[in-house]
**Student:** 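Below: one structure in structure tokens.
For reference, positions follow the sequence shown, starting with 1.
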Amino acid sequence: MDAVVKLFKAQAENEERQRQAQAREMEAAKNARKGHKPAADGQPAPRPVFPPLPDGSPRPSREEAEAAVRTLLAYMGENPAREGLLDTPKRVIKAYDELFSGYAEGGDEMLDRTFGEIGTFDDMVLVKDIPFYSHCEHHMVPFYGRAHVAYFPVERVVGLSKIARVVDTFARRLQTQEHLTSQIVTTLDEGLRPRGVALMIEAEHMCMSMRGITKAGVTTLTSQFTGVFRDDPAEQVRFMTMVRAGKA
């Protein structure tokens, strides 16, 4: 009896090891598609693997980036060697890996999988109030707000979370709000080939709120339309009405 128990236990342990190995392989493949390097067991999650610079030259090393932060601290008049700032360069670069992870991702790949079981549905799909955080490319300070995205599907729809991920991918780069608007619309229009895309972005820019003219609370609004939204003003009005529904 003990031998039978040991046999079943060994078989169960082997199946569990195989399951874990398959899970690791699937995760590694997923990370590879996103441009991430695999992490060794027990190590922190890998940072994004960014492509070379536009001129083909390699990116600065992590050590060089941390040294640049120490230089900026000294430029501010701080002492990079004091206790409270010793680990600040590492923290800043780690934060940058997350804040600017959009450079390691492409919006197109997120729209590869669509779903055709939508019955006779052929009307507008609206995902509104998508929060995002980006950085102004002129001063490298944050701007943040909400994006409202709509599209008219053609036979197939995309997962709603993928639309939010497209917004995040382009927001996590140095941006202007106008370019961010254009990139999101172009990616959705080319990736989904819908009958039309509508996008409105509302954001507050810290480069205007906390410096320069220092006008806090000012909202910048940008919008762009393609297809039926561009050609039919009534659909633009319906989009705007749905976006504003329920707001004071």
**Student:** Could you go through the salt bridge (Lys or Arg N to Asp or Glu O under 4.0 Å) check for Asp189 and Arg230 one step at a time?
**Tutor:** CA-CA 12 Å; Asp189 203 37; Arg230 180 191 58 226; over 6 Å; no
**Student:** So for atom CZ, which belongs to Phe121, do other residues, nucleotides or ligands contribute more than 12 heavy atoms lying within a distance under 6.0 Å?
**Tutor:** yes
**Student:** State, with a plain yes or no, whether a side-chain heavy atom of Thr88 is found less than 4.5 Å away from one of Glu78.
**Tutor:** no
**Student:** I'd like to check His139 versus His205 (side-chain heavy atoms, cut-off strictly below 4.5 Å). Are they in contact?
**Tutor:** no
**Student:** Among residues at least two apart in sequence or on other chains, which ones pass ring pair (Phe, Tyr, Trp, His ring centres under 6.0 Å) with Tyr96?
**Tutor:** Phe100
**Student:** Who are the salt bridge (charged side-chain N to carboxylate O under 4.0 Å, His left out) partners of Asp55, not counting sequence neighbours?
**Tutor:** none
**Student:** For a 4.5 angstrom cut-off between non-hydrogen side-chain atoms, does Arg59 reach Leu53?
**Tutor:**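 The answer is yes, as the side chains (C-beta and beyond) meet within the 4.5 Å cut-off.
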**Student:** Sequence neighbours excluded, which residues qualify as salt bridge (charged side-chain N to carboxylate O under 4.0 Å, His left out) partners of Asp129?
**Tutor:**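 Listed in chain order: Lys247.
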**Student:** Are Met242 and Met124 packed together at the side-chain level, in the sense that at least one heavy-atom pair is separated by less than 4.5 angstrom?
**Tutor:** yes
**Student:** Does the gap between the ring centers of Phe152 and Phe229 come in under 6.0 Å?
**Tutor:** yes
**Student:** How about Leu192 and Val197: do any of their side-chain heavy atoms sit closer than 4.5 Å?
**Tutor:** no
**Student:** Show the nearest heavy-atom pair for residues Gln177 and Thr220, with the distance to one decimal.
**Tutor:**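 It is NE2-O, 3.0 Å.
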**Student:** Could you tell me which non-hydrogen atom of Val167 sits nearest to which non-hydrogen atom of Leu180, and how far apart they are?
**Tutor:** O-CD1, 4.5 Å
**Student:** Is Gln175 reaching over with its side chain to a backbone N or O of Phe170, donor-acceptor style, under 3.5 angstrom?
**Tutor:** yes
**Student:** Tell me which pairs pass side-chain hydrogen bond (donor to acceptor under 3.5 Å, both in side chains) where either residue lies in residues 190-200, with sequence neighbours left out.
**Tutor:** none
**Student:** May I ask you to decide if Ala171's main-chain N or O and Ser134's side chain share a donor-acceptor pair within less than 3.5 Å?
**Tutor:** yes
**Student:** Arg211: what forms a salt bridge (charged side-chain N to carboxylate O under 4.0 Å, His left out) with it, not counting sequence neighbours?
**Tutor:**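 Once residues adjacent in sequence are excluded, Arg211 has no partner under the salt bridge (charged side-chain N to carboxylate O under 4.0 Å, His left out) criterion.
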**Student:** Do Lys162 and Arg113 have side chains that get closer than 4.5 Å, going by heavy atoms?
**Tutor:**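 They are not in side-chain contact.
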**Student:** Can you tell if the side chain of Glu202 reaches within under 4.5 Å of the side chain of His148, non-hydrogen atoms only?
**Tutor:**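 Yes; the side chains approach each other to less than 4.5 Å.
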**Student:** A side-chain contact here means heavy atoms from C-beta on lying under 4.5 Å apart; do Ile163 and Val158 qualify?
**Tutor:**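 A side-chain contact exists here, since the closest heavy-atom pair is under 4.5 Å.
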**Student:** Check salt bridge (charged side-chain N to carboxylate O under 4.0 Å, His left out) between Arg173 and all other residues, then give those that pass, not counting sequence neighbours.
**Tutor:**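 By the salt bridge (charged side-chain N to carboxylate O under 4.0 Å, His left out) rule, Arg173 matches no residue at all.
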